Amino acid sequence: MYKYKNTVIKLFQGDITKVKADGIVNAANNTLLGGGGVDGAIHRAGGPEILEQCKRIGGCPTGEARITTAGKLPSKYVIHTVGPIYRKGNSREAELLHNAYFNSLKLAKEYSLKSVAFPSISTGIYSYPIDKASDIAIKSIIEFIDKEDFIEEIIFVLFNDKDFSIYENKLNKIFR
Ligand code: AR6
């Protein structure tokens, strides 16, 4: 557990669909109509209520975020954001990934969510290198807290050991 200003930052290894937070973030695609990875897991565990709302929303540009309720998930809301597909790093990927984190937190704040859980956006099917992506994830939340507002709790949820250790090492360096 880490603390930055008034925000508690936690790390959790495992499945984000099991996390009980006011909001969990989904690494979606521009259609918002579901897919593989964490997106598939969230829709499967949350049930059809989420997809119905996503259809009504009608898509989301890369770097932006949209919100639905969470169906059968233990959370209250799902914030769907779309990270960039990593090409060679020179197609505005860093800026778009930053925007995905930042805009997810803005939406969380608009809905007065106190706790928000993030998966590692773009580092699966969209192949963003985890070392670069984790820097952006951490910097983006710090910037949000500095510039915008505080969130009581932010949880980074990492699916595997390797990603978890990368985050743990970086957070230890920054906050300890
Ligand atoms: N809980 C937490 N993290 C998970 C889970 C889970 N249940 N499942 C996978 N991850 P990805 P992307 C991790 O591919 O790269 C979809 O088809 C995974 O190990 O889910 O942003 C969408 O519809 C990785 O570290 O998302 C888009 O088309 C991280 O979540 C596309 O994939 C992100 O991997 C988005 O690709």
Side-chain angles (χ1 to χ4, degrees), residues 9-48 50-55 57-68 70-89 91-105 107-108 115-138 140-141 153-171:
I9 299 166
K10 288 183 181 165
L11 274 181
F12 175 79
Q13 186 181 349
D15 182 354
I16 201 166
T17 66
K18 310 277 191 244
V19 173
K20 194 175 174 197
D22 286 348
I24 62 167
V25 176
N26 181 17
N29 60 59
N30 296 128
T31 69
L32 295 188
L33 297 179
V38 70
D39 194 7
I42 286 174
H43 280 283
R44 264 195 310 279
I50 301 176
L51 186 60
E52 276 163 30
Q53 294 168 64
C54 283
K55 282 183 184 159
I57 294 168
C60 178
T62 306
E64 294 189 16
R66 302 288 183 267
I67 193 163
T68 67
K72 292 182 288 187
L73 294 170
S75 304
K76 293 182 194 150
Y77 293 94
V78 177
I79 295 172
H80 305 263
T81 190
V82 184
I85 299 172
Y86 192 83
R87 295 197 168 90
K88 285 179 180 164
S91 315
R92 293 176 59 223
E93 289 99 327
E95 179 193 341
L96 291 167
L97 186 61
H98 162 271
N99 292 350
Y101 281 96
F102 203 86
N103 288 325
S104 295
L105 289 174
L107 200 49
S115 54
V116 182
F118 281 98
S120 176
I121 300 165
S122 282
T123 64
I125 294 165
Y126 283 178
S127 58
Y128 211 117
I130 182 75
D131 193 50
K132 291 193 172 95
S134 53
D135 276 346
I136 295 171
I138 296 167
S140 303
I141 67 133
E153 186 175 290
I154 292 174
I155 310 158
F156 286 118
V157 181
L158 289 318
F159 208 43
N160 63 54
D161 297 6
K162 184 182 143 267
D163 294 352
F164 184 89
S165 332
I166 289 172
Y167 267 80
E168 199 177 32
N169 286 332
K170 289 191 179 173
L171 291 172

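Order of appearance sets the numbers: ligands from 1, and atoms from 1 within every ligand. Since this is a predicted model, take the numbers as computed values, not measurements. The residues of the chain are indexed from 1 along the displayed sequence.
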Please indicate whether any nitrogen or oxygen in Asn160 is less than 3.5 Å from any nitrogen or oxygen in ligand 1.
no
Who's the nearest protein heavy-atom neighbour of atom 16 (C) of ligand 1, and how far?
Gly36 O, 3.4 Å
Looking only at protein heavy atoms, what sits closest to atom 33 (C) of ligand 1 is Ser120 O, 3.1 Å
Contact check, Asp163 vs ligand 1, heavy-atom distance below 4.0 Å:
yes
Can you find an N or O of Tyr126 that's nearer than 3.5 Å to an N or O of ligand 1?
yes
Just jot down the ligand 1 atoms closer than 4.0 angstrom to any heavy atom of Asp39, in number order.
22 (C), 23 (O)
Residue, atom name and distance, where the atom is the protein heavy atom closest to atom 13 (C) of ligand 1
Phe159 CB, 3.8 Å
Hey, which atoms in ligand 1 end up nearer than 4.0 Å to a heavy atom of Gly14?
1 (N), 2 (C)
Under 4.0 Å, heavy atoms only, figure out whether ligand 1 is touched by the backbone of Ala27, its side chain, both or neither.
both
With heavy atoms of Asp15 as the reference, note each atom of ligand 1 found under 4.0 Å away.
1 (N), 6 (C), 7 (N)
Within the 4.0 Å heavy-atom shell around Ala41, which atoms of ligand 1 are there?
7 (N)
Pairs where residues 118-131 contributes a residue and the test salt bridge (charged side-chain N to carboxylate O under 4.0 Å, His left out) is met, not counting sequence neighbours
Asp131-Lys170
Under 4.0 angstrom from ligand 1, any heavy atom of Ser122?
yes
Backbone N or O of Val19 within a donor-acceptor pair of the Ser75 side chain at under 3.5 Å?
yes
In the protein, which heavy atom is nearest to atom 30 (O) of ligand 1, and how far is it?
Val38 CB, 4.1 Å
